[in-house]
Every structure is written in structure tokens, then in C-alpha cells.
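Remarks on the structure that follows.
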Amino acid sequence: MVKVSIIIPIYNVEKYLAECLDSVTRQTLRDIEIICINDGSADGSLKILRDYAKNDERMIIVDKENGGYGVGMNIGMDMAKGEYIGIVEPDDFVLLNMYEDLYAKAKEFDLDFVKADFYRFGRNENGDMSLAYNHLSKNPADYNTVFNPSRNPSAIRYIMNTWSGIYRKAFLDENQIRHNETPGASFQDNGFYFQTFVYGRRAMIIDKPYYMNRRDNPNSSVKDKKKVYAMNAEYDYIRRLLVRDQAVWERFKGIYWWKKYSNYLASILRISDEFREEYLRRFAAEFRRAFDRGEADREQFTDLEWFRLSAIMEDPERFYRTQVKTGKIRGTAALREDKLERELNDIKESLSYRFGMKVFALPRMVKNRRKTGRSKGKL
């Protein structure tokens, strides 16, 4: 019996593929199948796959014309025979006990899916590795307990990924959960992620990292500056899925717009500068309509997120000039400081502020002198 089917979508990754395959074929859980979808690679990826398959009968190679990430993933999921399904990106690798541990947890608690923390990593020219631990949730209480994601929209806030866990095959099939079949690698994992949380009834996240997510591949889709509106298309797809059931849409629409904001902002940083101003205009228009329709919810956003979103909706061109063009947007508090500075300057011009400064001048002077006296006493 196949306990876990591991799907690896492959496209021109010969530089990293052997490390990935070593980590999967050497798993301590032996009852696995490894479905490798070669999506028309033009490099040596297919030869590497065939060399590994000669020594491991659990490997299944699907060699097809290039059709995109979603198409390949759906082929793999349709043909999978495992009780659970795992996903490994071909430039990443996994710890050797990942699937044994996750499968044991899934069986013990009868889970639709279980996901774990992970590392992001990169290597310099000397091969030295840098690691960054990523917690799926900032709240320790979220870990190691069964929860119902379909009734807990806030769980969408966990770090989005589809590869740090495993999914019950029957759960995916019963709910027709698959990837959006758009061209290339165009953020189709977002739609898959949303569906698993919308329809899942029993899930768990665990506070142990097994997955190693590479961040130094220059050909990664997250670094593709040309796919300007790929994220927008994916969130249009997600919306179409959610509105099929009005109760689902009402429950998840607020968090949907929050996640959409988060990923649109990431797109601003990713795409070429020539497209950014127009992208911001579209960004602003979409969110103005969302608030007009009562779909987006102010309470979903932190103060800093709300400052940024408000600035974009109010004047996308100014946001481009003052935050994007200057690079301030890359600072976590830059926009908030910019807006607060403008608001503070307005306040300082008011009569009430000038009057208040005079009223409190004497108490401040006395307080400062006391502090100075205490400091001198310590010396």
C-alpha cells in the first residue's frame, strides 16, 4: 500500500534536481511513490530523472510538453495512488524523516491535512548555507492541536505554502481540489492553498521544520518580473471558487481581500518598474470597489497595512512616487512614518497644538530637570 504519493513538478532545474531527489528517495518512510512531472524541460532534467528511476522502482516519470505548473500538478494528483499526497518543488529538498513523521501524525488524528514549519535557505558562491526558520503561525497555541479550517478563516494567515505538509487524497478528490491551469508557474499554489482551508475539516500544524525552501534560484517564479498580472488572475480564480457557495463567500471574503492585498503588495516589489504605476492604479480600483460593495473589512488589516492600503486607494500615483520609486516600501514601517509625519505636521500647525505646547512647557521643563538630576546622581 502506498502511504504517501510525492509529486515533483519539474522544469529546467538540472542544477538542483539531484539534491531534491536524494532527499525524497532516501525517506525513512519507504511506502511512497514519487511522481515526477517533467514539463517540457529543455536542459538535462529528464536524463537525471531517468538515471534515478533506474535504481528506484517507486519513481514514475511523466514526460510531457510544457503546459504549466497547474496542469502538471493536476496530472500528478489524478494519477496518485497514495493515501496522502505531498508536494516537493524540484529546487528544494526535505529532511529524511519528513513523510514518516507527517504520515504518523495524519493517521493518529485522522487529518485532512497536516503542515509543518520550514526553513528558507540560500547558498553563497562557496556553498555555505544560510537558514531562516519560518513559523507557520506567530501564535504558539495554534500548534499541535486539531482545528477546523473551514470554520476558522483566520487560519489563512498562516504562511502560505502547499509543500510543507501532506493532504489526504480522498479529501482532495471529494472536494475537487486541484490547481488552476494557467500558463507557466503563475502562483497557482495560492488557489490550491485557499481550497484546502475552505473545505478542510480536520487539520493540524506542527512546530517542527522538515522542508527546505530554496531562495537563491534566479529562475524562481517569485523573481519573474515579466508576469505582471499573474497574481491578479489567480485571485480572480480564487474568487470564482469562493462565490459558488454564498455561505463560504460570506465567511471568507474578508480574509480573501486581506490576502489579496498582501500578495498584490508583494507583486509591486517583484515586477519591473515600468509596470508599477499602472499596477497600483488597478490595485486601487479593485480595492475601492471591494469596500464600496462591503466585501473588504478594515478589521482584517493591521494599522500599518491600513495606512498603506489607504494611501494606495487615495492616490496610487503619489504612492508610487513617494513609496515605490524611492524604495521606502521595502521598509516595514516606512509608509506609516511618512503618513504620520504628514499628519504630525498638520497638527503642529493647529492652534490647539501650539496652545498645548505652551501649557505643558513648564511641567516638561521640571520633569527634564529631575531626570537630569537623577542621572548626575548615578554618576
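Numbers here simply count residues along the sequence, with the first being 1.
- When atom types are taken as modelled, the side chain of Ser137 and the backbone of Asn139 share a donor-acceptor pair closer than 3.5 angstrom.
- Partners of Arg282 by salt bridge (charged side-chain N to carboxylate O under 4.0 Å, His left out), not counting sequence neighbours, listed by chain and number: Glu286.
- Heavy atoms from other residues, nucleotides or ligands lying under 6.0 Å from CD of Glu274 number more than 12.
- Smallest separation of non-hydrogen atoms from Ser154 and Ile255: CA-CD1, 4.5 Å.
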| request: Decide yes or no on salt bridge (charged side-chain N to carboxylate O under 4.0 Å, His left out) for Glu33 and Lys3, but give the supporting numbers first. | output: CA-CA 8 Å; Glu33 65 176 359; Lys3 293 178 178 177; over 6 Å; no
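- Asp245 contributes a side-chain N or O that, together with a main-chain N or O of Ala247, makes up a donor-acceptor pair within less than 3.5 Å.
- Using cut-offs of 30° and 60° for the angle between ring planes, the Phe291 and Phe287 rings count as tilted.
- Among pairs with a residue in residues 131-156, none fulfils salt bridge (Lys or Arg N to Asp or Glu O under 4.0 Å), at least two apart in sequence or across chains.
- If you look at Tyr211 and Phe93, their ring centroids are not closer than 6.0 Å.
- With hydrogens and angles ignored, the 3.5 Å screen pairs no side-chain donor or acceptor of Arg281 with any backbone N or O of Glu317.
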| query | Should Val94 and Met212 be marked as a side chain to side chain contact (heavy atoms under 4.5 Å, CB included) after you check the CA-CA gap, both sets of side-chain angles, and the distance that decides it? | reply | CA-CA 6 Å; Val94 295; Met212 309 294 288; over 6 Å; no
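- Sequence neighbours left out, the pairs with a member in residues 38-79 that pass ring-ring contact (aromatic ring centres under 6.0 Å, His included) are Tyr69-His179.
- In this structure, the side chain of Asp39 engages the main chain of Gly67 through a donor-acceptor pair within 3.5 Å.
- Other residues, nucleotides and ligands contribute more than 12 heavy atoms inside 6.0 Å of the NZ atom of Lys64.
- Under a 3.5 Å cut-off, the side chain of Tyr193 and the backbone N or O of Ile156 do form a donor-acceptor pair.
- Using a cutoff of 4.0 Å between basic side-chain nitrogens and carboxylate oxygens, Arg289 and Asp292 are not scored as salt-bridged.
- Taking the six-membered ring for Trp and thresholds of 30 and 60 degrees, Phe147 and Phe197 have ring planes inclined between 30 and 60 degrees apart.
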